[in-house]
Engineer: 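My questions will all concern the structure given below.
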Amino acid sequence: MEMDIENAAKAKGEEIKEKSVVVILVGAPGSGKSTFCEQVMRSSTRPWARICQDTIGNGKSGTKAQCLKSAASALKGGKSVFIDRCNLDREQRLEFVKLGGPNVDVHAVVLDLPAKLCISRSVKRTEHEGKLQGGKAAAVVNRMLQKKELPKLSEGFTRITLCQNESDVQACLNTYSALGPMDTVPNGYFGQKNPDAKIQLGIMKFLKKAEVPAAETISDASRIQSSFSPQVLQEKNPGYKRAENVSSFPVNTAKDLKECEDLAVCSAGSHILNDAPTLAFPSISTSDFQFDLEKASDIIIEKVEEFVNKLGNVRLVLVDLSHRSKILSLVKAKATEKNIDSSKFFTFVGDITRLCSERGLHYNVIANAANWRLKPGGGGVNASIFNAAGPALEVATKEQAKSLHPGKSVAVPLPSTSPLFTREGITHVIHVLGPNMNPQRPNCLNNDYIVGCKVLRDAYTSLFEDFASIVKTQAKLAKGKNVNLVTNPLGLQEHNEGVNTKHSPNNDQKSKREDVDDYDRSKKCKASLYEVEANIHDFRTEKEHTNNDKIDASMTKAWGSWAQALYHIAMHPEKHRDVVLEILDDVVILHDLYPKARRHLLVLTRYEGLDCLTAVRKEHLNLLRTMHDVGMRWVEKFLQEDASLIFRLGYHSGPSMRQLHLHVISQDFDSKHLKNKKHWNSFNTAFFYDSVDVIEDVSNHGKATLRDDESLLSTELRCHRCRSAHPNIPRLKSHISNCRAPFPHSLLQSGRLVPPP
DNA sequence: GTTCTAGAAC
DNA sequence: GTTCTAGAAC
């Protein structure tokens, strides 16, 4: 609209009249609205009026009507106007937006800063214009923020700037301060955060993607060759032993590269150099299980299409051994037809256990067309993967599951001892079982393709979901605490090989060749991925604990020595009579050593190897129910002693202690051991996974949906009943000791609180 | 998981 | 000066 009027004016040759702006500030008390206006008015050469409801009443509290009137007259006088009041919901803003017109743009500047900050600023004010200061401020800010509604362009704004931190505010200040009488600023929504941006950035950072623009390196075949050739591996990695003679090792020459280009849907160079998390998978059920190739290729395409965009910056690669593979050419043709992004999905010819070392393809997760017993042998992909991975894979697989149903998958972290990890950089094998159409094999579906197609779809869904969850965990860790390994990528290697030479990229002389950089980069990747399974702390202490069982071949996650306490109790509860309350066949009940409430118990599984929620599968449903029932029995006992207590039962999404344990905790949180943000948030954010929800998720989806986002633990402190925010733990504790507000709706449902208040 | 403590915030 | 947090060490 505005543009049309402007263009029309231009067309008529009229001079464009200078436009006034109404800037509606949106923010809680203490968010810095007045300061913002004052600073702009100090530097901007444009005439401004600040309409402030707190001052407009001349001592008495002002009204909205007074503000509107005053704003309209300022606009008439050619001034631009700040509406300095909270304007937190749409209704409050509505009348002010109507001040806009052909020569008046309406902007919103949203000061959406943490509640904690606004409260602390409000509290310490001594001469606030609105008389909002001292103790009342927190309650007021909290109440106001509850009805916060971020402005939308559809309300009639031509420009919205969302500021969520001090630097956003500063940038916005700069924009408005620089505004002269004739200047305009671009229209649109600024500062809105893409919810995926953080994760994407994490992956990019972790893979150092920015340094490897595929287009630039694609033509540089020699660089591709040297970065993946065994010579480089051996140079940098003296402990790495290979059976083959180095000279006979197939190196990716330009000719090879040409061949790859021919085979892949699009040019192979970018595939080879692309460091995005990559899943290589064989076609499921089409070989020994004799599934119809046409139908199978349709299902592959369907599932790939469904996931390829959902998964973000990752690659799915369908692999087969031969150039003459029918399924590969079918899928390739259909992928082209469907216009599937060939950088995210393509077909590839090669041995799935040697795609990096022999074909130069970076990948980190492979799928195995497994048998239902999850055992080696049987020929085909299964035999080849178990052979290549060594015995460690069988052991690690056993830890995850004993068998597999058709249509299901199970992800197994590959032990660092496996050649697939050391040679190829593969961190996980996902076993998948497809439907069987071969009458020579057990559980044949007798040509029932209605069931068969459904099972095959399920199999791919499960496979891609497992891959997604691995990628998510890796991205989280990559941007998380493993900075040390990332900056010192060879730390892992140094340790494993017993080589103690310090290698710090900062102190080291510049790498002699660029390709060494490439090597480092791929190593960084491996080290970071490895970090998923073993926390960095353990690399430092392993030397002192070489006999410790945690470095055995089945290593799926290394826990620090302090994290073993529950495991030891679970294995030998009779030796811990001092803390253990009850010993049953499957579980042990004990007091939390550092209770975070008046009543705080742990129901501990006695299953060895079941360390946290991520490992929980359908076969554990009975155990989960037992844990819940035993917890509830103790709740009843506690309620007989004190009927005023309210309990919640749940798991920590990312526990610090090994051995799956259910927290049974009263909701008073009256404890001297509750000392920091992490303590509070681990029981009062989504990090706390209600037992009822875990049971439901596992029975519906076969596993608990991952949500152990570390950032949950550092979010602002909010009361679990009235949801008010508090600046620190002591204040929060003093609030919760008095707060009798009803619990939030979500907690009152599905039996999350016992008994329901 | 806790303890310890430097230094930021008040 | 005192309170509080956050990171390292265990």
Side-chain angles (χ1 to χ4, degrees), chain A residues 30 113-126 133-135 137-138 165-166 477 479-488 491 531 534-545 548 550 557-570 576 578-580 588 590-597 600-605 611-613 650-665 669 671-684 687-688 708 710-718 725-736:
Chain A
L113 300 169
K116 178 182 156 177
L117 181 68
C118 300
I119 292 170
S120 67
R121 279 180 186 163
S122 302
V123 166
K124 71 181 176 193
R125 282 182 191 178
T126 51
Q133 59 196 57
N165 55 49
E166 294 294 342
L477 278 153
K479 66 170 181 175
K481 55 192 168 189
N482 59 336
V483 179
N484 212 348
L485 261 184
V486 173
T487 51
N488 182 9
E531 163 74 355
N535 79 43
I536 182 166
H537 175 77
D538 266 78
F539 290 125
R540 297 203 200 103
T541 53
E542 262 173 25
K543 273 177 196 152
E544 291 100 66
H545 300 284
N548 196 315
K550 70 178 175 258
K557 166 158 182 172
W559 303 80
S561 54
W562 46 263
Q564 306 285 347
L566 293 179
Y567 167 76
H568 292 309
I569 293 172
H576 298 86
D578 48 335
V579 286
V580 169
V588 171
L590 64 147
H591 282 297
D592 192 296
L593 191 56
Y594 298 92
K596 303 297 185 292
H600 185 183
L601 291 187
L602 301 180
V603 181
L604 184 63
T605 176
D611 285 333
C612 56
L613 271 187
Y651 300 84
H652 281 159
S653 303
S656 302
M657 302 285 266
R658 178 182 178 189
Q659 197 71 12
L660 185 73
H661 53 281
L662 171 70
H663 290 269
V664 177
I665 185 165
F669 295 105
S671 162
K672 61 174 184 181
H673 298 293
L674 200 158
K675 292 175 175 168
N676 59 43
K677 213 173 214 187
K678 187 176 175 183
H679 291 155
W680 177 258
N681 284 335
S682 69
F683 289 101
N684 291 290
F687 192 88
F688 190 80
D708 59 332
E710 289 279 323
S711 65
L712 287 169
L713 295 177
S714 50
T715 50
E716 58 188 357
L717 298 166
R718 282 187 178 275
H726 298 269
N728 56 45
I729 288 287
R731 295 267 196 91
L732 173 78
K733 289 179 84 168
S734 94
H735 169 84
I736 56 171

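In this text, all values refer to a predicted model and were calculated from it rather than measured experimentally. To find a chain, count down the sequence lines: A is the first, B the second, and so on, and within it residues start at 1.
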Engineer: Does A:His735 have any ring pair (Phe, Tyr, Trp, His ring centres under 6.0 Å) partners at least two apart in sequence or in another chain, and if so, which?
Structural biologist: A:His726
Engineer: Identify each atom pair where a protein N or O and an N or O of nucleotides 1-8 of chain C are less than 3.5 Å apart, giving names and distance.
Structural biologist:
from, atom 1, to, atom 2, distance (Å)
C:dT5, OP1, A:Ile729, N, 3.1

Engineer: Find the distance between CG (A:Leu674) and OG (A:Ser682) and round it off to the nearest 0.5 Å.
Structural biologist: 8.0 Å
Engineer: Is the closest side-chain heavy-atom distance between A:His591 and A:Val579 below 4.5 Å?
Structural biologist: no
Engineer: Please report the interatomic distance CD1(A:Ile736) to CZ(A:Arg731), rounded to the nearest 0.5 Å.
Structural biologist: 14.5 Å
Engineer: Taking any heavy-atom pair under 4.0 Å as a contact, classify A:His661: base, sugar-phosphate, or nothing.
Structural biologist: nothing
Engineer: If we check ring pair (Phe, Tyr, Trp, His ring centres under 6.0 Å) with A:His600, which of these qualifies: A:Phe683, A:Phe669, A:Tyr594?
Structural biologist: A:Phe683
